[in-house]
S.K.: 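The structure that follows is given in the form of structure tokens.
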There are 2 protein chains.
Amino acid sequence: MAGWNVPLEARRKRTLTRTDIVQAAARVLQRDGYEALTIRRVAEDLGVKSASLYWHVETKEALEDLLADELLAGVVFGETTDDWRADLRNDSLHFVRSLLAKRDAGRVLAGRLLAGPNTLRWMEAGLGPFRRAGLNARDAAFAAHAVHIYMIGFVIFQGSDLSAEARAGKSRGEILDETRGLFGSLPPADYPNVTALAHGLTIADGEGRFLFGLDRLIAGIADLADAGG
Amino acid sequence: MAGWNVPLEARRKRTLTRTDIVQAAARVLQRDGYEALTIRRVAEDLGVKSASLYWHVETKEALEDLLADELLAGVVFGETTDDWRADLRNDSLHFVRSLLAKRDAGRVLAGRLLAGPNTLRWMEAGLGPFRRAGLNARDAAFAAHAVHIYMIGFVIFQGSDLSAEARAGKSRGEILDETRGLFGSLPPADYPNVTALAHGLTIADGEGRFLFGLDRLIAGIADLADAGG
DNA sequence: ACCTGAACACCGTTCAAGT
DNA sequence: ACCTGAACACCGTTCAAGT
């Protein structure tokens, strides 16, 4: 009676683990996006009923916590050199590249501060440049946090749709073009700054935009490190 | 037959408007939080059936776009002085204070770049210090965007629950205390940086933490402004 | 110990029907 | 023009029941 048409069950030979579930969640996120990341779909991807996941994971939020840690697994760090500024710049660029390469990573990571294994490894390596800059413990921690917030914020913005219109088929570029047009057409008497900066505020915001802010942050941290050391 | 027990309907004497709906959404957000911000609850708050809202608003996402603009209505700006750095610092501090005063504002604002009336007014005033710094148009726009990303990122982090555990009753302070204990108990040979900075990474992160990063960013922007001018 | 069936209390959204 | 009733296709989560 059965035997044919059991492709999903066949894939699963052994008992389910948390790791299986987290990796399935990562697949669903990558394939269908954050909106479609549901317990039921993760279960379906595993060839299992949704209720089964609750044996391994407390809630959907807890699964997202685990997924957030998983997303940091792929972040790589360059070699340590004697130039902490260059190291910090490289590490930060790799960080945002790695997260932007994964769909909706910013939405999952936003507001989570976890202590999973990948997060700890990433933190340990990421803190290196701040310590080599010669900052005291508090300043190093605060500076690292500031850079972290900036990076996550950038990933969220860059990976977002900007508005509901975007989901209705419009591309990010089209939205930006429209916004530029709107900014430029405002009455300059009332909006002198917005009209004057319309172009810079709406041009495609890739790595150049990220690096601009990152370099300002690094310069500001260097000011402090130089003054203190 | 009726006449008694119609409190919600009585409140609504005239026809529904988009403004009514947005303000009801703001009330629901403030009262019940982002998770509870549903079309059905907004409708209930207005004494109306959920289907009615779709006459005025395309989708829930479109309503959240409108709500995002509404959240910026309360942001105030100080007097303009001849010190753009001080003005920028004041404006930024007021911005995060204003958003942190509203529940889950970061979650609504995250990733939205809109051109609503409040957003435009806020942008116009917010761009002032960057222009007075003497930066060229592109640099002023990029610098403003960097500060914006940092502020929104901070609000998201500060307003978040950090993990699923937090929603299960634990306070933010308890989570931070636990995390500090965990960081401190890691093997220092494997995690020299995390253990050394455990305290700074997990102490209660209020305005001091925000200002630290903001001041680094402003210093970095000033470096550029001074070099260019 | 682990998974399923079936239900509960919700969602966003649509659309014919009412006024 | 504006709102409702009723439905559709989903959700997260629980829990008795199966193996």
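Bear in mind that the values here come from a model prediction, so they are computed numbers and not experimental data. We name chains A, B, ... by the order of the sequence lines, and we start the count at 1 in each one.
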S.K.: Separation of A:Glu64 atom CD from D:dC11 atom C1', in whole Å?
M.R.: 13 Å
S.K.: Take the protein atom OH of A:Tyr54 and the nucleotide atom P of D:dA17, then report the distance between them rounded to whole Å.
M.R.: 22 Å
S.K.: What's the separation between atom CG in A:Leu217 and atom CG in B:Leu214, rounded to the nearest 0.5 Å?
M.R.: 10.0 Å
S.K.: In whole angstrom, what separates B:Leu53's CG from C:dC15's C1'?
M.R.: 16 Å
S.K.: Using OP1 and OP2 only, check whether a side-chain N or O of B:His56 sits under 4.0 Å from D:dA1.
M.R.: no
S.K.: In terms of side-chain heavy atoms of A:Lys49, which of C:dG5, D:dT4, D:dG12 is nearest?
M.R.: C:dG5
S.K.: When you get a sec, tell me which of D:dT13, D:dT14, C:dC3 is the closest nucleotide to the side chain of A:Ala51?
M.R.: D:dT14
S.K.: When you measure from the side-chain N and O atoms of A:Lys60 to the phosphate of D:dG12, is any distance below 4.0 Å, counting only OP1 and OP2?
M.R.: yes
S.K.: Is B:Ser52 close enough to D:dT4 that one of its side-chain N or O atoms is under 4.0 Å from OP1 or OP2 there?
M.R.: yes
S.K.: In whole Å, what is the span from the CD atom of B:Glu61 to the P atom of C:dC11?
M.R.: 16 Å
S.K.: Atom CZ of B:Arg40 and atom P of D:dC10: how far apart are they, to the nearest Å?
M.R.: 15 Å
S.K.: Is D:dA7 paired to anything, Watson-Crick or G-U wobble with both distances less than 3.5 Å, and if yes, which nucleotide?
M.R.: C:dT13
S.K.: Scan every strand shown for a Watson-Crick or G-U wobble partner of C:dC2, both distances under 3.5 Å, and answer none if you come up empty.
M.R.: D:dG18
S.K.: Return no unless some side-chain N or O of B:Arg41 is found under 4.0 Å from OP1 or OP2 of C:dC11.
M.R.: yes
S.K.: Just N and O in the side chain of B:Thr15: are any of them under 4.0 Å from OP1 or OP2 of D:dC3?
M.R.: yes
S.K.: Can we call the ring centroids of B:Phe157 and A:His148 under 6.0 Å apart?
M.R.: yes
S.K.: Rounded to whole angstroms, how far apart are CD on A:Glu44 and C1' on C:dT4?
M.R.: 16 Å
S.K.: I want to verify a distance call: between D:dC3, D:dC11, D:dA7, whose nearest atom is closest to the B:Trp55 side chain?
M.R.: D:dC3
S.K.: Could you grab the distance from atom OG1 of A:Thr38 to atom CG of A:Asp32, nearest 0.5 Å is fine?
M.R.: 9.0 Å
S.K.: Mind checking B:Thr38 for me? I need base, sugar-phosphate or nothing, with any heavy atom below 4.0 Å counting as a touch.
M.R.: sugar-phosphate
S.K.: Would you call B:Arg107 and B:Glu64 a salt bridge, using N to O less than 4.0 angstrom?
M.R.: no
S.K.: Roughly how many Å is it from CD1 in A:Ile39 to P in C:dC8, rounded to a whole number?
M.R.: 21 Å
S.K.: Parallel, tilted or perpendicular: which fits the ring planes of B:Phe154 and B:Phe210, with parallel below 30° and perpendicular above 60°?
M.R.: tilted
